[in-house]
Amino acid sequence: MIADNTPVIIGVGQYSERPQDEGYEALSYMDLGGRALAAAIADGGASGDLAGSIDTLAAIRQFEMSRPGAERPFGGADNVPRAYAKRVGANPRRAILSTTGGQTNQQMLGEFAAEIAAGESQCAAIVGSEAISTVLALSAKGIKPDWSEEVGGSIEDRGFGLDGLLEPGLMAHGAAGAIPLYALCENRRRANLGLSLEQYRVKIGELFAPFSRVAAANPHSAAPVERSLEELATVTDRNRIVAEPYTRMTVARDQVNQAAAIIVASAKLARELGVPEDKWVHIHAVSAATELDLTQRPDLSRSPASIASLEAALGRAGKGMSDMSYFDFYSCFAIPVFNAIDHFGIAIDDPRGLTLTGGLPFFGGAGNNYSAHAMCEAVDRVRRDRGSYALVGANGGWMSKYSTGVYSTTPADWSANDRFAKLPKADDGVARCEGAFDSAVVETYTINHGKNGSAAIFVGRNEVGVRVCGNADLSHEPTRALFEGGEPFEGRLAVTQDERGRNIGRVA
């Protein structure tokens, strides 16, 4: 017998639409999320009132709500979790709005599973959705629907959760978004491997071509087109460089209309609701870890916290990577995938595959909620392949936060309630300089290509070994040649400050 307080996933649901599809409805993100939750309720196959049994409902924060001062173009609900709930007739005791980060959905699943094991909850749902593609499509036509809703009711707003994500020094020099920040990490890995830009783009193409093949077969994909290694790695007008070394096709696609929902309940309630046991999927472990700020990391190409999360989940599950039949490594960019497979010795062409959805550049990066889609796919795989194990790695920020989950139809013993772990943050960060400095040795860089031109951003060490950052002066010919040549690593720059207080480096 499976103990009454064992948490089990009993329902998962996904919903999506694309502007080019027949029957496109231009749904709000609340409506998309409501349909995903309805699909998860239907998926459970309960004979009882599953919707009415949800005592906790968490909404994953939309991108348009993920930073202070951001505006919702068409408005939205005053209480997003309860907006989802009302669409399925649920009235949860707790309504939660998550923090920002792609790890939040899986981390919250671990949190809710632990609460169920402790008898503090009986049934929890996690719902997330994005309608960025619809917002852009309607705005381009001058259409502005009113998505505002007054739902009311209590809500636990956990805040933005941006600690460790916004570094003033990097932001001041143009590294304010995911693309240039990940590119800094990616180029450091390239330097470690001794590869040219062209060679490294081939490596990214080798990694992501199989992802696109999976996405092409996924009905929820935002871009269901298979791409070859050559298409992904070759720079063209259509596949331009967005930030070295990334071409446009190899970065996360956030223009999506996608939603996913997951319902977890106690085994006791699942029985009472008449959920068939062949629907139950057991949570063998969930772990969560937080990384040092990017400029504090000893090795800019790695995230030890992500590895610690992966190892902790496998350890609590009593399994190794060789026991996993299915993987979904978070793939907003190549480097989070490389970070994991480099450490565990998993080949790019591992026959198990590295994605269940098709990955963020092809399936789509559904804001903070992408990994909920991966979790839905993992549940589907292990239900069909009974006794197998699936691992999902969920990433937030710039490899800043990571949560790992291990799933199977094989029962998991939660009697000790030690299968959810939040790991301590490392305290061995590199010292940083916030003021002026005279020189720097380049550790990594990127050239960020935006609407206002190109900017070269570098991170390195000053004359006393303290971590610094700045802009390379591309108007200075020797400096431009060094950076555009793709090999500025270990190059020494003389640094001055401009009138805006930015650090400007030239070849010394």
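The figures that follow rest on heavy atoms only: side chains count, while hydrogens, waters and symmetry mates do not. Everything quoted here is computed from the prediction, not taken from an experiment.
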Are any non-hydrogen side-chain atoms of Asn218 and Pro224 less than 4.5 angstrom apart? no
Are more than 12 heavy atoms from other residues, nucleotides or ligands located less than 6.0 Å from atom NZ of Lys425? yes
Are any of the side-chain heavy atoms of Ser121 and Val264 separated by less than 4.5 Å? no
Flag side-chain contact, heavy atom, 4.5 Å: Ile241 against Ile447: no
Side chains of Met108 and Ser98 in contact at under 4.5 Å (non-hydrogen atoms): yes
Could Glu111 and Arg158 be called an ion pair, given the rule that one side-chain N must be under 4.0 Å from one carboxylate O? yes
How about CZ on Arg238, more than 12 heavy atoms from neighbouring residues, nucleotides or ligands closer than 6.0 Å, or not? no
From Arg189 atom CZ to Leu184 atom CG, the distance as rounded to the nearest 0.5 Å: 15.5 Å
Would you check if the side chain of Ser221 reaches a backbone N or O of Ala216 as a donor-acceptor pair within less than 3.5 Å? no
Compare all side-chain heavy atoms of Arg419 with those of His284 and state whether any distance is below 4.5 angstrom. yes
How far apart are the C-alpha atoms of Trp147 and Met30, what are their side-chain angles, what is the distance that settles it, and do they pass the side chain to side chain contact (heavy atoms under 4.5 Å, CB included) test? CA-CA 8 Å; Trp147 288 354; Met30 286 84 69; 4.1 Å; yes
Evaluation steps, side chain to side chain contact (heavy atoms under 4.5 Å, CB included), between Tyr182 and Val251: CA-CA 10 Å; Tyr182 274 103; Val251 302; over 6 Å; no
A side-chain contact here means heavy atoms from C-beta on lying under 4.5 Å apart; do Leu314 and Leu391 qualify? yes
Quick check: are there more than 12 heavy atoms from other residues, nucleotides or ligands sitting under 6.0 Å from NZ of Lys86? yes
Considering residues, nucleotides and ligands other than Arg352, do more than 12 of their heavy atoms fall under 6.0 Å from its CZ? yes
Correct closest heavy-atom pair for Cys376 and Ala261 would be SG-O, 3.7 Å
Determine yes or no for a side-chain-to-main-chain donor-acceptor pair under 3.5 angstrom, with Thr99 supplying the side chain and Gly161 the backbone. no
Do Thr357 and Val214 have side chains that approach each other closer than 4.5 Å (heavy atoms only, starting at C-beta)? no
Arg201 side chain to Pro245 backbone, donor-acceptor under 3.5 Å: yes
Hey, could you give me the CZ/OG distance between Phe363 and Ser16, rounded to the nearest 0.5 Å? 7.0 Å
State, without any angle test, whether Asn105 and Ser371 hold a side-chain donor-acceptor pair at a distance under 3.5 Å. no
Assess whether side chain to side chain contact (heavy atoms under 4.5 Å, CB included) is satisfied between Val275 and Trp280, documenting all intermediate values. CA-CA 8 Å; Val275 177; Trp280 298 13; 3.8 Å; yes
What I want to find out is whether Asp31 reaches Arg35 closely enough, with some N-O distance under 4.0 Å, to be called a salt bridge. no
Any side-chain donor-acceptor pair under 3.5 Å between Asp328 and Tyr370? yes
Basic-acidic side-chain contact under 4.0 Å: Glu115, Arg94: yes
For the side chain of Asp254 and the backbone of Gly365, is there at least one donor-acceptor N/O pair under 3.5 Å apart? no
Residue pairs meeting salt bridge (charged side-chain N to carboxylate O under 4.0 Å, His left out), one or both in residues 210-222, sequence neighbours left out, come to Arg213-Glu226
One should read off an interatomic distance between Ile263 CD1 and Phe112 CZ, to the nearest 0.5 angstrom, of 12.5 Å
Asn448 versus Thr446, side-chain donor and acceptor atoms under 3.5 Å: no
Do side-chain atoms of Gln103 reach the backbone of Ala288 as a donor and acceptor pair under 3.5 angstrom? no
Does either side chain, that of Ser154 or that of Arg82, offer a donor lying less than 3.5 Å from an acceptor on the other one? yes
NZ/NE/NH1/NH2 to OD/OE distance under 4.0 Å, Arg61 and Asp157: yes
Return yes if a side-chain donor-acceptor contact under 3.5 Å exists between Tyr84 and Ser129, otherwise no. yes
Mark yes or no for whether Glu17, through its side chain, and Tyr24, through its backbone, hold a donor-acceptor pair below 3.5 Å. no
Atom pair CD (Gln107) and NZ (Lys401), whose distance is rounded to the nearest 0.5 Å: 8.0 Å
Which value, rounded to the nearest 0.5 Å, describes the distance between Ile132 atom CD1 and Glu64 atom CD? 7.5 Å
Do Leu310 and Phe329 pass the side chain to side chain contact (heavy atoms under 4.5 Å, CB included) test, and can you show the C-alpha distance, the side-chain angles, and the key distance before you say yes or no? CA-CA 10 Å; Leu310 289 159; Phe329 292 112; 4.3 Å; yes
May I ask you to check whether Asn368 and Ser66 show a side-chain donor-acceptor distance below 3.5 Å? yes
Verify, without hydrogens or angle tests, whether Thr250 (side chain) and Tyr246 (backbone) share a donor-acceptor contact under 3.5 angstrom. no
Main-chain N/O of Leu273 paired with Ser47 side-chain donor or acceptor, under 3.5 Å: yes
Around atom NZ of Lys203, are there more than 12 heavy atoms of other residues, nucleotides or ligands at under 6.0 Å? no
More than 12 heavy atoms of other residues, nucleotides or ligands under 6.0 Å from CD of Glu150: yes or no? no
Would you call Asp43 and Arg383 a salt bridge, taking side-chain N to carboxylate O under 4.0 Å as the test? yes
Using only heavy-atom distances, determine whether the side chains of Ser454 and His449 contain a donor-acceptor pair under 3.5 Å. yes
Report yes or no: does Ser408 contribute a side-chain atom to a donor-acceptor pair with the main-chain N or O of Tyr389 at less than 3.5 Å? no
Is there side-chain contact between Arg297 and Arg302, with at least one heavy-atom pair below 4.5 Å? no
Examine distances only and state if a side-chain atom of Glu130 and a backbone atom of Phe63 form a donor-acceptor pair shorter than 3.5 Å. yes
Tell me whether the rings of Phe211 and Phe208 are parallel (<30°), tilted (30 to 60°) or perpendicular (>60°). perpendicular
Separation between CD1 of Ile283 and CD1 of Ile116, rounded to the nearest 0.5 Å: 7.0 Å
